[in-house]
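What follows is one structure encoded as structure tokens, with my remarks underneath.
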Amino acid sequence: MPKTIVAPEGIGAPIAPYSPGVLADGVLYISGTLALDANNHVMYPGDAGAQTRHVLETIKLVIETAGGTMEDVAMNHIFISDWANYQAVNKAYAEYFPGDKPARYCLQCGLVKPDALVEIATVAHIGRRAGDCGS
């Protein structure tokens, strides 16, 4: 199956061997995204809400580069470093998904950068809307 790498201008180079996004058969897979600046330094240390907004803005940029919108998001995988940040993450997250919510899960774990409080990986179905089953 052909696939297209989606790597928007303006985001830093990946910190490991992965692509920011891969589009295959209309499905966009977005790698785990941290709140990093162009030099891969964690932004907003200690502020889970600001990190979540930055992460979702980066995800939004990947989706828009692939030709989609945040309404195309079907699934989010959320990783947080501490349950104490759960409420702040949810508050910021809700700003990006005001209508029908994507499926998701959230778990606590260690993240690759010590100052990172949240990481999100996303799956979006570009160009398909709810109720469009195709045939």
Side-chain angles (χ1 to χ4, degrees):
M1 160 182 9
K3 62 184 179 183
T4 302
I5 302 303
V6 182
E9 302 255 342
I11 62 173
I15 60 174
Y18 64 85
S19 298
V22 175
L23 182 63
D25 198 25
V27 180
L28 178 62
Y29 302 91
I30 300 175
S31 295
T33 304
L34 300 169
L36 301 176
D37 64 17
N39 296 312
N40 290 320
H41 297 112
V42 174
M43 300 178 69
Y44 316 107
D47 189 338
Q51 285 192 17
T52 301
R53 285 182 196 88
H54 185 87
V55 165
L56 290 169
E57 283 296 323
T58 302
I59 288 169
K60 181 179 175 186
L61 180 60
V62 175
I63 291 170
E64 289 174 349
T65 300
T69 72
M70 292 295 274
E71 291 180 8
D72 295 318
V73 174
M75 179 69 176
N76 284 306
H77 312 274
I78 303 171
F79 308 92
I80 58 176
S81 61
D82 189 325
W83 286 119
N85 295 318
Y86 188 67
Q87 184 176 358
V89 169
N90 280 331
K91 183 177 179 186
Y93 180 91
E95 296 169 14
Y96 287 81
F97 301 102
D100 292 336
K101 311 291 187 248
R104 71 174 229 187
Y105 65 78
C106 184
L107 56 93
Q108 178 183 332
C109 62
L111 300 176
V112 70
K113 294 269 190 170
D115 288 334
L117 303 175
V118 62
E119 178 175 348
I120 302 175
T122 298
V123 178
H125 291 261
I126 305 299
R128 298 189 101 172
R129 299 286 179 245
D132 180 10
C133 297
S135 48

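Since the model is a prediction, treat every value here as computed from it, not as a measurement. If you read the sequence from its start, that first residue is 1, and numbering goes on from there.
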Val73 vs Val123, test: side chain to side chain contact (heavy atoms under 4.5 Å, CB included). Steps then yes/no. CA-CA 6 Å; Val73 174; Val123 178; over 6 Å; no
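- Every side chain to side chain donor-acceptor pair (under 3.5 Å) that Tyr93 has, sequence neighbours left out, goes to Asn76.
- Remark: Ile126 CD1 to Thr69 OG1 distance equals 7.5 Å, nearest 0.5 Å.
- Hydrophobic clustering, with ILVMFWY side chains joined whenever heavy atoms are under 4.5 angstrom apart, groups Ile80 together with Phe97.
- Sorted by first and then second residue, the salt bridge (Lys or Arg N to Asp or Glu O under 4.0 Å) pairs involving residues 39-58 (not counting sequence neighbours) are Arg53-Glu95.
- In this structure, Val55 and Ala35 approach most closely via the heavy-atom pair CG2-N, 3.5 Å.
- Of all the heavy atoms in Ala74 and His125, the pair that sits closest is CB-CD2, 3.6 Å.
- In this structure, the side chains of Tyr44 and Leu117 stay at 4.5 Å or more apart for every pair of heavy atoms.
- Under the side chain to side chain contact (heavy atoms under 4.5 Å, CB included) rule, Thr65 has a single partner from Ile63, Val62, Leu61, which is Leu61.
- Within 6.0 Å of NZ on Lys91 lie no more than 12 heavy atoms contributed by other residues, nucleotides or ligands.
- Hydrophobic clustering (ILVMFWY, side-chain heavy atoms < 4.5 Å, transitive): Leu56 and Val89 are in one cluster.
- Residues passing the side-chain contact (heavy atoms from CB on, under 4.5 Å) test with Met43, sequence neighbours excluded: Asp37, His54.
- Taken to the nearest 0.5 Å, the OG1 atom of Thr52 stands 8.0 Å off from the CD1 atom of Ile78.
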Run the side-chain donor-acceptor check on residues 3-31: report pairs under 3.5 Å with partners two or more places apart or on a different chain.
from  : atom 1 : to    : atom 2 : distance (Å)
Ser31 : OG     : Ser19 : O      : 2.6

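- Looking at heavy atoms from C-beta onward, Ile59 lies in side-chain contact with Ile120 at the 4.5 angstrom threshold.
- Within the structure, side-chain hydrogen bond (donor to acceptor under 3.5 Å, both in side chains) contacts touching residues 105-121 (residues at least two apart or in different chains) are His77-Tyr105, Trp83-Gln108.
- The cluster map of Ile, Leu, Val, Met, Phe, Trp and Tyr, joined by side-chain heavy atoms under 4.5 Å apart, puts Val118 and Phe79 in different clusters.
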